[in-house]
Each structure stands twice: as C-alpha cells, then as structure tokens.
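What follows is a set of notes on a single structure, which appears directly below.
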Amino acid sequence: MVDMAVGVVMGSAVTSVVNAIVNNLISPLIAMIFGKPDLSGLLTISYRNATISFGAILTALLNFLLIAIAVYFCIIMPINKLRQLSRAASGIKDQPNAPSPQDQSLQLLRQIADDIHRSTGADRQQDGTELPKGQD
C-alpha cells in the first residue's frame with residue numbers, strides 16, 4: 001500500500017513538472033514553428049456545429065508521452081537501480097537457472113492437462129465406453 005501511495009504522489013509531482021516543460025518549453029517551440037502555442041487549433045474539421053480536433057489529440061498524446069518518459073527515467077529506473085544495489089549489498093543473487101513465471105505457468109498447465117488425460121482415460125476403462133473418434 002505504501003508503494004502505491006508513493007507512486008501516486010510521485011506521479012502527480014512528475015505530471016506537474018512535465019506540464020511545466022510542455023507549457024514553458026515545448027509550446028513556445030510549437031508556436032515558433034506553427035504560429036500557435038497549442039496544437040488544438042490546428043487540424044480541425046468542423047461540420048454542422050461539430051468539431052473534430054486532431055491537434056488536441058496530438059497535444060494530449062505529446063503530454064502522455066512526455067509524462068511516460070519522465071516517469072520511466074525519474075521513477076522506474078532509479079527504483080530498479082536501488083533494488084539491484086540493495087540486493088548486491090545484502091548478498092541476494094538472482095538465480096539464473098530458476099524458471100521464469102511463464103515457464104512455471106506452462107509447466108503447471110501441462111501437469112493439469114496430463115492429470116485430465118489420465119483421469120479421462122481411467123473413466124473410460126471403468127465405464128468400458130469410449131468417445132467417438134476425433135473427440136479424443
């Protein structure tokens with residue numbers, strides 16, 4: 001729970017930093033190129049009092065990408081580095097021969113399938129009935 005709370009607080013802090021970068025650096029650069037500081041007025045289609053603004057979508061995507069990059073480089077990478085350093089300091093080593101979670105899931109599913117096949121085979125022997133061909 002504490003990790004989630006820290007993530008929410010850090011996410012809001014990073015959002016405000018990214019919004020400042022967008023408003024004070026990127027928007028003026030866009031204004032230098034396109035003549036407007038905001039893309040929402042660009043690439044708009046209006047028809048019968050309905051307006052589609054592709055520029056607003058581009059602005060939202062740009063903000064999202066910048067926030068994602070900032071969160072990755074300012075939060076995720078440092079946390080992963082700290083975890084590696086703490087593992088190295090405590091002597092915990094990664095087990096290179098340990099199966100991945102996907103491999104463990106596949107192994108478990110194979111065991112379940114084998115158990116099902118064995119149980120259906122035992123049921124057939126007890127009943128003396130067999131499934132029609134093609135349903136085996």
Let me check something: any side-chain donor-acceptor pairs from residues 67-77 under 3.5 Å, sequence neighbours excluded? List them with distances.
none

Please list every donor-acceptor pair under 3.5 Å in which a side-chain atom of residues 46-59 meets a protein atom from a residue at least two apart or in another chain.
| residue | atom | partner | partner atom | Å |
| --- | --- | --- | --- | --- |
| Ser46 | OG | Thr51 | OG1 | 3.3 |
| Ser53 | OG | Ser40 | O | 2.7 |
| Ser53 | OG | Ala56 | N | 3.2 |
| Thr59 | OG1 | Asp38 | OD1 | 3.4 |
| Thr59 | OG1 | Gly55 | O | 2.9 |

Legend entry - same_hphob_cluster(Ile79, Val8) at 4.5 Å side-chain heavy-atom cutoff: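 Per the 4.5 Å side-chain linkage, Ile79 and Val8 are not co-clustered.
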Inset, instruction - Return the set of residues passing side chain to side chain donor-acceptor pair (under 3.5 Å) with Ser12 (not counting sequence neighbours), or none when no residue passes. - result: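 Side chain to side chain donor-acceptor pair (under 3.5 Å) check on Ser12 returns nothing, list empty.
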Legend entry - Side-chain hydrophobic cluster, 4.5 Å single linkage: members besides Leu65: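 Grouped by the 4.5 Å side-chain rule, Phe64 form the rest of the cluster around Leu65.
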Legend entry - Asp103-Ser100 side chain donor-acceptor pair, cut-off 3.5 Å: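 Checked: Asp103/Ser100 side chains pair up, N/O donor to acceptor below 3.5 Å.
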Legend entry - Rounded distance [0.5 Å steps], CG in Leu85 versus CG in Asn80: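 One finds 11.0 Å between CG of Leu85 and CG of Asn80.
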Under 3.5 Å, side-chain donor or acceptor atoms of residues 105-116 against the rest of the protein: list the pairs with distances, not counting sequence neighbours.
| residue | atom | partner | partner atom | Å |
| --- | --- | --- | --- | --- |
| Ser105 | OG | Pro101 | O | 3.0 |
| Asp115 | OD1 | Arg118 | NH1 | 2.8 |

